[in-house]
Amino acid sequence: MITTEQLKETEVLKNFLSHAPLYPHGFVKFQPGGCVMPPCYEKYHHRIQNEFKARDDDVWVASFPKSGTTWTQEMVWNIMNNVDLETAKSESLDIRVPFMEISGIIEPGLTKVISENAKQEKDQSDMSGVMPLDDSLDSVLNLPTEKPRVMKTHLPVELMPQEALTNSKIIYVARNPRDVVLSWYNHWRILEGYSGDFDGFFDAFLEDVGGYYSPYFSHNIGYWNIRERDNVIFIFYEDMKKDLKSVIKKVADFVGKELTDSQIEILYDHLQFDNMKNNKAVNKQEEIEGLAKLTGIKSIGDGKFMNKGKSGGWRSKLTEDQISRMQAWEQDRQKNTDLKFQYD
Ligand code: A3P
């Protein structure tokens with residue numbers, strides 16, 4: 001049974017919310033698990049619990065945001081679809097691998113504004129793929145039954161449909177928190193219109209209230225603790241950076257697909273950062289530009305989703321003080337787990 005509770009109104013939280021124009025009702029904590037979400041999510045949670053039914057061959061890409069989800073989605077979809085680059089390049093990844101709960105975290109007021117603005121847009125065709133015009137749970141429910149569904153979620157284990165956690169294949173991708181916080185800040189600026197500086201955002205991240213899906217550590221640890229189930233695999237962004245071909249092979253093996261050496265080579269090339277950055281089926285550029293137009297918020301669109309694509313950027317971006325505070329936070333949150341991250 002899921003319940004919600006108020007977050008402690010700290011200065012850090014107040015500061016965060018004062019710069020988050022799309023979340024006028026703030027956040028609450030979902031228990032058990034403590035996941036931070038906007039209050040409107042509660043209704044969607046119940047919809048998911050009631051309407052979602054796992055299929056025998058379902059495949060999930062799960063992660064804490066900014067951990068390489070999009071990269072992993074593109075890898076997994078191609079592995080599942082015989083490296084069909086023609087479709088991969090022509091059909092938006094958001095349609096091929098829908099993000100189940102996204103509609104539920106968007107405040108209804110905003111959904112209405114966006115939909116009404118979209119109706120007035122002369123050319124609505126370039127708005128396709130702009131969330132939340134389509135209901136995301138419906139997109140998942142309506143995926144064809146002839147082939148396995150590949151779906152994306154950022155839900156922590158406590159909020160996932162439980163039958164998916166036991167019956168479906170789950171690929172969880174994790175990335176070190178120091179690079180995640182930088183990438184998350186960029187995301188909040190360009191997709192959520194966050195107007196605050198990085199320092200305040202960083203403080204909120206360390207206080208476990210830096211945006212929906214927080215806390216970072218319990219999210220990662222929740223999946224880490226079930227990684228030994230036959231239906232779960234836990235992979236790292238940093239390993240994808242170091243040796244993508246090995247990760248492709250490992251994931252293909254996990255989902256029971258055999259790729260030829262030449263398919264691996266082609267997929268490896270397709271998944272390179274520069275290729276993904278220039279591929280409009282995956283780079284979210286149209287979605288960001290659409291949102292900027294529809295919301296009129298200044299920082300939305302002022303940057304790229306495919307931003308740096310590197311590991312270890314935190315070394316030059318975080319201050320010495322932030323690094324030592326982060327290390328202390330990591331030590332504390334990792335006291336009772338053997339989950340370790342790679343920082344470069
Ligand atoms: P940066 O913001 O550090 O550049 P998610 O998809 O979970 O939101 O993660 C987004 C992060 O993954 C961004 O990180 C993005 O640049 C990075 N990314 C996406 N595709 C990538 C690729 N092919 N290679 C390396 N990084 C990639």
Side-chain angles (χ1 to χ4, degrees), residues 54-100 129 139-140 143-155 160 164-175 223 226-284 305-306 309 311:
R55 299 180 194 162
D56 289 347
D57 49 7
D58 278 345
V59 177
W60 287 93
V61 173
S63 63
F64 186 86
K66 311 324 288 177
S67 303
T69 327
T70 313
W71 197 10
T72 306
Q73 283 170 268
E74 187 64 357
M75 171 176 75
V76 173
W77 185 89
N78 275 289
I79 290 174
M80 295 299 296
N81 288 279
N82 213 20
V83 194
D84 172 8
L85 289 197
E86 207 185 313
T87 308
K89 286 183 188 167
S90 58
E91 192 173 293
S92 163
L93 181 60
D94 290 331
I95 290 170
R96 287 179 284 129
V97 186
F99 179 6
M100 176 178 64
S139 305
V140 158
L143 281 172
T145 47
E146 301 84 64
K147 54 181 193 170
R149 288 187 289 194
V150 186
M151 297 164 283
K152 158 183 169 177
T153 186
H154 286 313
L155 291 177
M160 270 298 267
L165 288 181
T166 43
N167 296 340
S168 309
K169 291 214 155 51
I170 297 180
I171 296 141
Y172 187 85
V173 58
R175 184 184 193 186
Y223 283 91
I226 59 165
R227 74 191 182 284
E228 276 165 9
R229 291 185 187 171
D230 289 346
N231 64 318
V232 179
I233 189 174
F234 198 103
I235 62 174
F236 290 95
Y237 178 97
E238 292 78 11
D239 286 335
M240 292 171 74
K241 286 295 295 180
K242 267 193 312 224
D243 187 358
L244 183 57
K245 283 186 195 165
S246 295
V247 180
I248 294 175
K249 286 183 201 158
K250 198 167 139 184
V251 171
D253 198 37
F254 172 69
V255 294
K257 296 280 176 193
E258 221 171 288
L259 300 185
T260 64
D261 287 349
S262 134
Q263 281 179 316
I264 292 174
E265 208 58 57
I266 290 169
L267 182 53
Y268 172 82
D269 184 59
H270 176 70
L271 293 174
Q272 293 307 300
F273 182 71
D274 286 341
N275 292 338
M276 296 259 305
K277 196 179 168 102
N278 294 321
N279 175 359
K280 72 183 180 80
V282 300
N283 66 15
K284 302 203 195 285
F305 181 92
M306 296 290 172
S311 290

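For this chain, numbers begin at 1 and follow the sequence in order.
- The two atoms that bring Leu259 and Ala252 nearest to each other are CG-CB, 4.4 Å, heavy atoms only.
- The ring pair (Phe, Tyr, Trp, His ring centres under 6.0 Å) analysis of residues 235-268, with sequence neighbours excluded, yields the pairs Trp71-Tyr237, Phe234-Phe236.
- Ile264 and Ile248 make their closest contact through O-CD1, 4.3 Å (heavy atoms, listed as atom of the first residue, atom of the second, distance).
- Panel note: side chain Ser67, backbone Ser63; no donor-acceptor pair is recorded below 3.5 Å.
- When all heavy atoms of Val282 and Thr70 are compared, the pair lying nearest together is O-CG2, 3.7 Å.
- Sorted by first and then second residue, the salt bridge (Lys or Arg N to Asp or Glu O under 4.0 Å) pairs involving residues 228-242 (not counting sequence neighbours) are Asp239-Lys242.
- Taking a cutoff of 4.0 Å between a charged side-chain nitrogen and a carboxylate oxygen, Asp94 and Lys284 qualify as a salt bridge.
- Counting heavy atoms from C-beta on, the side chains of Thr69 and Phe64 never come closer than 4.5 Å.
- Side chains of Ile79 and Val255 form a contact here, defined as non-hydrogen atoms less than 4.5 Å apart.
- Legend: residues meeting side chain to side chain donor-acceptor pair (under 3.5 Å) with Ser168, ordered by chain and number and at least two apart, are absent.
- Thr260 is linked by a side chain to side chain contact (heavy atoms under 4.5 Å, CB included) to Ser262, Gln263, counting only residues two or more places apart in sequence or in another chain.
- For Thr153, the side chain to side chain donor-acceptor pair (under 3.5 Å) partners two or more places apart in sequence, or in a different chain, are Glu101.
- For residues 78-89, the set of pairs meeting the salt bridge (Lys or Arg N to Asp or Glu O under 4.0 Å) definition, not counting sequence neighbours, is empty.
- Evaluation of the salt bridge (Lys or Arg N to Asp or Glu O under 4.0 Å) test over residues 63-74, restricted to residues two or more places apart or in two chains, returns Glu74-Arg96.
- Nearest heavy atom pair, residue Ala281 against residue Ala88, reads CB-O, 3.3 Å.
- Under the 4.5 Å side-chain criterion, counting only non-hydrogen atoms from C-beta, Val251 is in contact with Val76.
- Every side chain to side chain contact (heavy atoms under 4.5 Å, CB included) that Asn275 has, sequence neighbours left out, goes to Asp269, Gln272.
- Considering only residues two or more places apart in sequence or on other chains, Asp253 meets the side chain to side chain contact (heavy atoms under 4.5 Å, CB included) condition with none of them.
- The salt bridge (charged side-chain N to carboxylate O under 4.0 Å, His left out) test applied to Glu265 returns Lys245, not counting sequence neighbours.
- Within the 4.5 Å cutoff, side-chain heavy atoms of Thr72 are placed close to those of Ile235.
- Residues Phe99 and Val140 form no side-chain contact, since every pair of their non-hydrogen atoms from C-beta on lies 4.5 Å or further apart.
- In this view, Asp58 and Arg149 satisfy the side chain to side chain donor-acceptor pair (under 3.5 Å) rule, not counting sequence neighbours.
- A 4.5 Å side-chain heavy-atom check between Val59 and Met151 finds every atom pair outside the cut-off.
- For Asn283, the side chain to side chain contact (heavy atoms under 4.5 Å, CB included) partners at least two apart in sequence or on another chain are Lys280, Gln285, Met306.
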Exercise for the section: Could you give me the CA-CA distance, side-chain angles and deciding distance for Lys152 and Trp77, then say whether side-chain contact (heavy atoms from CB on, under 4.5 Å) is met? Expected result: CA-CA 11 Å; Lys152 158 183 169 177; Trp77 185 89; over 6 Å; no

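- For the pair Met100 and Trp60, the minimum side-chain heavy-atom distance is below 4.5 Å.
- By the 4.5 Å heavy-atom criterion applied to side chains, Lys147 and Asp57 are not counted as neighbours.
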